[in-house]
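Throughout, protein chains are lettered first and strands after them, A, B, ... in sequence-line order, and every chain is numbered starting at 1. Note that these values count all heavy atoms, side chains included, but never hydrogens, waters or copies made by symmetry.
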Amino acid sequence: MMRKFICTRDQINLKCVLLGGQCFRWKEIAPNEYAGVFAGGFWTLIQNDDHIVYKRVPSTDSDEESLFNYLRMDENLIEYYEKWSSSDPTFQKSAKKFKGIRMLRQEPVENILSFICSSNNNITRISSMVENMCSLYGENISGTPYFAFPNIESLMGAKVEEELKKAKFGYRAKFIRQTAEKIVQLGGNKWIDKLKIMDYISAKKELMLLPGVGPKVADCICLMSLEHLEAVPVDTHVFQIACQNYLPHLKKYKTVTDRVYNEIGDYFRSLFKVNAGWAHTVLFLDDLKNFKGYDSNNDQMDSKISSKRRKKC
DNA sequence: GGCCGACCTGTGAG
DNA sequence: ACTCACAGGTCGG
């Protein structure tokens, strides 16, 4: 059953939020229409100028609550944008093009395993790997051909590693297996719940006990599924952004060392004061190749990109 | 403690 | 056609 809620594009921009590299399970199935899986259900979302239509299969009484929680609609985005804009002209510029950017409130296990796949990889391939993992080990969502994200227990054992290698996971196959086993060993969901309560630095340190989880992936997890919104993942994009706009003396570094990593994160935290990682996501989008030329005000790529797209079809 | 090369795979640029 | 670099990095030496 389709339902809707009132919401403008400035309040949330589904395209950027769902396809911008936070989560890898959403697809644009038609203009302004998105399909994906979370919380064990298959969801369809349609964005209109003044409302969003949604549907979950199978449907339950708490669908709207579940969706609001996932989209983090409980937080005042406009207020944050004003705060971040007033402390940084560079943000202000990006924010004009990328309105309605929210941090999804994701499920930790999916977040952890998806971002283990993200290392030295591109969004397209990460998405297909995650999709493969779900169809191999996830539970079928009844009434659909889609699969929920697998339980951590189903990803344990040598066989999994072998199968994932066969599914082209490369060196990440071992990390997935080892991390699944490590999470169970550390206490499973109880351990994950503790990570949400403890402070950001401690949670990050704990996460880095997992094979395949370094400082960057740990920050992604802190930011996207553990409510530590001050975590700033510093990847190649953010390093470039920092060199160009904020910390030019870092240009001489070829790679991001631990010290440089922390300097950039600390800089963003002191600049934005609150939810630095959320603010950073707006800057990140502005640097993403897939969103080059994007402007949420007209919701279209520029002519250069569109002509390229036409060629492909 | 910091730096460096290797690492699975796929794709686009040259 | 054929390298080659690079993609939301991490690990071991």
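Counting only heavy atoms from C-beta on, K168(A) has its side chain closest to dT9(B) among dT9(B), dG8(C), dT10(C). Across dT9(B), dG8(C), dC7(B), the shortest atom-to-atom separation from the side chain of N120(A) is found for dC7(B). Picking from dG9(C), dC8(B), dG8(C) the nucleotide with the shortest atom distance to the side chain of I123(A) gives dG8(C).
If you take CD1 of I176(A) and C1' of dG9(C), they are 14 Å apart, rounded to a whole angstrom. Whole-Å rounding puts the D219(A) CG to dG8(C) C1' distance at 12 Å. The nearest whole Å value for the distance from the CZ atom in R125(A) to the P atom in dC7(B) is 15 Å. Distance D235(A) CG to dC6(C) P: 15 Å, rounded to the nearest Å. Atoms OH (Y171(A)) and P (dG9(C)) sit 9 Å apart, rounded to a whole Å. We find that CZ of F169(A) is positioned 12 Å from P of dG10(B), with the value rounded to whole Å. What separates CD1 of I116(A) from P of dT10(C) is a distance of 10 Å, to the nearest Å. Regarding N290(A), its CG atom lies at a distance of 18 Å from the P atom of dG10(B), rounded to whole Å.
Here the side chains of N122(A) and R125(A) are in contact, with some heavy-atom distance below 4.5 Å.
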Do any side-chain atoms of residues 33-43 of chain A form donor-acceptor pairs under 3.5 angstrom with protein atoms, and if so which ones, sequence neighbours left out?
| residue | atom | partner | partner atom | Å |
| --- | --- | --- | --- | --- |
| Y34(A) | OH | E28(A) | OE2 | 3.4 |
| W43(A) | NE1 | F38(A) | O | 3.1 |

Would you tabulate the side-chain donor-acceptor contacts of residues 233-247 of chain A under 3.5 Å, counting partners in other chains and residues two or more places apart, or write 'none'?
| residue | atom | partner | partner atom | Å |
| --- | --- | --- | --- | --- |
| D235(A) | OD1 | H237(A) | N | 2.9 |
| D235(A) | OD1 | V238(A) | N | 2.7 |
| H237(A) | ND1 | D287(A) | OD2 | 2.9 |
| N245(A) | ND2 | I241(A) | O | 3.1 |
| Y246(A) | OH | D88(A) | OD2 | 2.6 |

Solution key, residues 149-160 of chain A side-chain donor-acceptor pairs under 3.5 Å, sequence neighbours excluded:
| residue | atom | partner | partner atom | Å |
| --- | --- | --- | --- | --- |
| S154(A) | OG | N151(A) | O | 2.6 |
| K159(A) | NZ | E163(A) | OE2 | 3.4 |

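For R269(A), the salt bridge (Lys or Arg N to Asp or Glu O under 4.0 Å) test picks out D266(A), with sequence neighbours left out. Residues forming a salt bridge (Lys or Arg N to Asp or Glu O under 4.0 Å) with D49(A) (at least two apart in sequence, or on another chain): R9(A). Qualifying salt bridge (Lys or Arg N to Asp or Glu O under 4.0 Å) partners for K204(A), counting only residues two or more places apart in sequence or in other chains: D219(A). Judged as a salt bridge (Lys or Arg N to Asp or Glu O under 4.0 Å), and not counting sequence neighbours, the contacts of R259(A) are E263(A). Under the ring pair (Phe, Tyr, Trp, His ring centres under 6.0 Å) criterion, F175(A) pairs with no residue, sequence neighbours left out. Scanning for side-chain contact (heavy atoms from CB on, under 4.5 Å) contacts around D61(A) gives an empty result, with sequence neighbours left out.
Here the separation of dC2(C) from dC8(B), taken at their P atoms, is 25 Å to the nearest Å. dT9(B) and dA1(C) have their P atoms separated by 23 Å, with the value rounded to a whole Å. Comparing dA7(C) with dC3(B), their C1' atoms sit 22 Å apart, to the nearest whole Å. Here, dC11(C) and dG2(B) have their C1' atoms 14 Å apart, quoted to the whole Å.
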Seminar exercise, completed: Taking Watson-Crick and G-U wobble contacts under 3.5 angstrom, with | marking pairs to another strand and [ ] crossing pairs, the secondary structure of DNA chain C is written .||||||.|||||
For this session: Begin from the C-alpha positions of E181(A) and R177(A) and carry the test salt bridge (charged side-chain N to carboxylate O under 4.0 Å, His left out) through to its verdict.
Result: CA-CA 6 Å; E181(A) 291 170 358; R177(A) 197 263 291 225; 3.6 Å; yes
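Not a single donor-acceptor pair, N or O on each side, falls under 3.5 Å between the base of dG9(C) and the side chain of K216(A). A donor and an acceptor atom never sit less than 3.5 Å apart when one is taken from the side chain of R172(A) and the other from the base of dC7(B).
When the side-chain nitrogen and oxygen atoms of S119(A) are compared with OP1 and OP2 of dG8(C), none of them lie within a distance under 4.0 Å.
Using a 4.0 Å cut-off on heavy atoms, the residues of residues 253-268 of chain A that approach DNA chain B are T257(A), listed by number.
Listed for the K168(A) side chain is no donor-acceptor partner under 3.5 Å among the backbone atoms of K165(A).
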Pairwise N/O distances under 3.5 Å, protein to nucleotides 11-13 of chain C:
| residue | atom | partner | partner atom | Å |
| --- | --- | --- | --- | --- |
| dC11(C) | OP1 | G212(A) | N | 2.9 |

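Here Q22(A) lies in heavy-atom contact (under 4.0 Å) with a base.
Side chains of E206(A) and W191(A): a donor-acceptor N/O pair is present below 3.5 angstrom, by distance only.
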